[in-house]
Number of protein chains: 2
Amino acid sequence: MDAMLDTEVKETSATHGAYRKLREMILTGELPPGQKLKIEQLRGLLDTGASPVREALSLLTSDMLVERIDQRGFKAAPVSKCNFEEILMLRCNLEETALRTSIANASSAWEDRLVLRHHHMKKAGQKGAHDFEDAHKAFHMALLDNARLPLLLRYCSQLYDLNIRYRYLAAGGSSYKKRDINAEHQEILDAALDRDAESATRHLIDHYRRTGEYLSSQMES
Amino acid sequence: MDAMLDTEVKETSATHGAYRKLREMILTGELPPGQKLKIEQLRGLLDTGASPVREALSLLTSDMLVERIDQRGFKAAPVSKCNFEEILMLRCNLEETALRTSIANASSAWEDRLVLRHHHMKKAGQKGAHDFEDAHKAFHMALLDNARLPLLLRYCSQLYDLNIRYRYLAAGGSSYKKRDINAEHQEILDAALDRDAESATRHLIDHYRRTGEYLSSQMES
DNA sequence: GTCTCCAAAAATATCGATATTATTTGACTT
DNA sequence: AAGTCAAATAATATCGATATTTTTGGAGAC
């Protein structure tokens with residue numbers, strides 16, 4: 001009934017706000033891996049009460065960005081090369097399944113959505129890096145969401161976030177321009193629009209593996 | 001101060017207790033799918049304060065057993081045939097990966113663990129159903145945990161739980177004895193001990209598919 | 001000099017109460 | 001009679017304070 005254009009659904013609760021901010025800080029490395037997260041300290045940083053902070057930390061636990069030690073508070077999830085490689089492996093596995101299913105369900109509405117997301121991503125690529133981050137994720141998720149498998153999509157989204165955390169940690173988020181990412185995205189998009197599952201999944205996985213190798217090499221230093 | 005009779009290190013926090021109890025109630029269907037979960041009502045049921053209940057619900061959200069509607073509280077996750085089929089599909093995919101990797105890392109220590117878990121499961125099968133539930137999960141997780149992939153293992157564990165929920169909902173947890181489950185487990189165990197990845201994964205997936213078909217048929221009624 | 005044990009300090013977990021926000025009820029208008 | 005708006009009600013979200021628990025720091029013993 002309400003004519004609410006979903007441009008902005010007021011998601012304003014202290015908890016949600018704290019969640020978003022903390023998540024950002026962990027993903028970008030502002031809160032470094034392994035760091036103890038004391039309620040009192042965060043309460044000051046986020047300018048809110050202890051309950052929202054506590055609940056936000058609880059939510060971040062599900063995203064595997066925060067670890068909870070019973071009776072001993074929270075800490076930012078640690079990182080390791082093993083963990084990174086597991087994330088990469090799982091992404092390749094799960095996103096392949098999702099993309100194949102998405103393509104099997106292909107429709108012109110989905111194709112339109114893809115083209116749009118891709119366009120927005122390219123546009124954002126010329127402007128602020130922060131906009132690009134969101135648009136990039138939106139494009140990748142759009143590739144997968146036509147599978148209509150909510151659990152799978154959720155896992156992919158989680159793993160995507162865990163991965164960009166490593167990107168920030170390794171290269172301060174500037175690892176994009178080192179390679180011709182645009183061409184890779186174009187190839188994936190074209191293959192998806194052709195409904196060519198083989199080609200699309202191959203390009204997608206290559207895309208991830210390449211970034212994976214790059215980050216792995218960065219992690220040595 | 002208090003003379004606790006429990007031999008083990010008591011994982012006693014109000015939150016953890018509430019979490020365990022609520023989880024149990026949702027898995028067994030005591031709290032039916034889709035039901036609104038009001039803090040006040042649960043506070044009475046669990047005999048604890050509002051904060052632990054709230055936090056337990058938050059934790060259950062990560063297990064996808066509870067849904068949170070921003071500013072509008074919590075409800076038990078709904079069920080659907082679609083959801084069930086997605087769970088089955090993901091389990092087959094992820095557990096195959098995990099089992100193959102486990103077998104690739106096979107060691108005699110792992111084999112010992114497997115044999116033990118299997119034995120315990122068989123023993124528990126003759127006694128209370130509740131004991132069997134835990135032992136059954138422990139056996140299945142032992143098959144996978146030698147992969148040493150914590151994220152993957154976590155997903156498998158989550159999906160396992162979501163699946164047993166459907167089992168309870170469909171058949172009140174008594175669906176075991178309808179088929180010769182023991183033989184199926186024995187086949188999986190033997191193949192794993194032979195380090196025969198092909199055979200082990202085939203039997204494991206057959207095991208799941210068969211239970212899946214059985215439950216699917218039950219869900220019609 | 002190192003270890004152990006106890007007291008002090010800090011941090012977390014929990015509670016009770018209040019402020020916000022959604023939902024329902026019921027009267028009033030059309 | 002149906003729809004709409006506003007007050008009443010119920011539930012959630014948040015706060016401030018207290019009770020546990022863990023960690024720290026130091027004094028005494030070996």
Side-chain angles (χ1 to χ4, degrees), chain A residues 1-4 6 8-23 25-26 31-32 34-63 65-78, chain B residues 1-23 25-26 31-62 65-78:
Chain A
M1 262 319 177
D2 50 348
M4 186 168 283
D6 67 356
E8 222 166 334
V9 187
K10 269 185 132 185
E11 279 270 17
T12 175
S13 72
T15 296
H16 198 79
Y19 170 74
R20 299 268 300 181
K21 216 176 232 169
L22 278 176
R23 176 196 163 91
M25 291 206 285
I26 292 172
L31 289 173
Q35 172 156 322
K36 184 96 210 300
L37 301 174
K38 303 184 191 178
I39 308 275
E40 199 54 29
Q41 159 201 329
L42 297 176
R43 212 191 61 76
L45 249 161
L46 301 171
D47 188 40
T48 183
S51 307
V53 170
R54 205 179 163 65
E55 195 148 339
L57 288 170
S58 225
L59 291 175
L60 287 164
T61 300
S62 8
D63 300 338
L65 289 169
V66 163
E67 277 187 9
R68 170 184 201 146
I69 316 130
D70 201 72
Q71 225 82 352
R72 225 164 299 179
F74 302 86
K75 71 172 182 182
Chain B
M1 221 39 168
D2 47 352
M4 40 191 54
L5 312 171
D6 220 324
T7 51
E8 293 181 32
V9 185
K10 258 204 154 180
E11 275 266 20
T12 178
S13 70
T15 296
H16 197 80
Y19 170 75
R20 300 268 301 180
K21 214 175 237 173
L22 277 177
R23 176 197 164 90
M25 290 206 286
I26 292 172
L31 289 173
Q35 173 156 322
K36 185 93 209 299
L37 301 174
K38 304 184 190 176
I39 309 275
E40 198 54 28
Q41 159 201 329
L42 296 176
R43 210 191 63 75
L45 249 161
L46 302 170
D47 188 40
T48 183
S51 306
V53 171
R54 206 179 162 66
E55 196 148 338
L57 288 171
S58 226
L59 291 175
L60 287 165
T61 300
S62 9
L65 288 170
V66 163
E67 277 186 8
R68 170 183 201 147
I69 316 132
D70 200 73
Q71 224 79 352
R72 223 164 302 177
F74 302 86
K75 70 172 183 182

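Proteins come first, then strands; the chains are lettered A, B, ... in the order of their sequence lines, and each starts at number 1.
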Mind calculating the distance between [atom1] ([X]) and [atom2] ([N]) to the nearest angstrom?
| X | N | atom1 | atom2 | result |
| --- | --- | --- | --- | --- |
| A:Asp70 | C:dT12 | CG | P | 13 Å |
| B:Phe74 | D:dT12 | CZ | C1' | 9 Å |
| A:Ile39 | D:dC15 | CD1 | P | 13 Å |
| A:Gln71 | C:dT14 | CD | C1' | 10 Å |

Is any side-chain N or O of [X] closer than 4.0 Å to OP1 or OP2 of [N]?
| X | N | answer |
| --- | --- | --- |
| A:Arg54 | C:dT12 | no |
| A:Thr48 | D:dC15 | yes |
| A:Lys36 | C:dT12 | yes |

(message) Please check this pair: side chain of A:Arg43 against backbone of A:Gly49, looking for a donor-acceptor N/O pair closer than 3.5 Å.
(response) no
(message) Pair A:Asp63, A:Tyr19 - check side-chain contact (heavy atoms from CB on, under 4.5 Å), show working.
(response) CA-CA 11 Å; A:Asp63 300 338; A:Tyr19 170 74; 2.5 Å; yes
(request) Take B:Arg68 and B:Leu57 through the test side-chain contact (heavy atoms from CB on, under 4.5 Å) and record every step on the way to the result. (result) CA-CA 8 Å; B:Arg68 170 183 201 147; B:Leu57 288 171; over 6 Å; no
(request) Classify the nucleic acid contact of B:Leu57 as base, sugar-phosphate or nothing, counting any heavy atom under 4.0 Å across all strands shown. (result)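 No contact.
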(request) Hey, which sits more toward the 5' end of DNA chain D by its nearest nucleotide, A:Arg72 or B:Ala50? (result)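 Final value for this comparison: B:Ala50.
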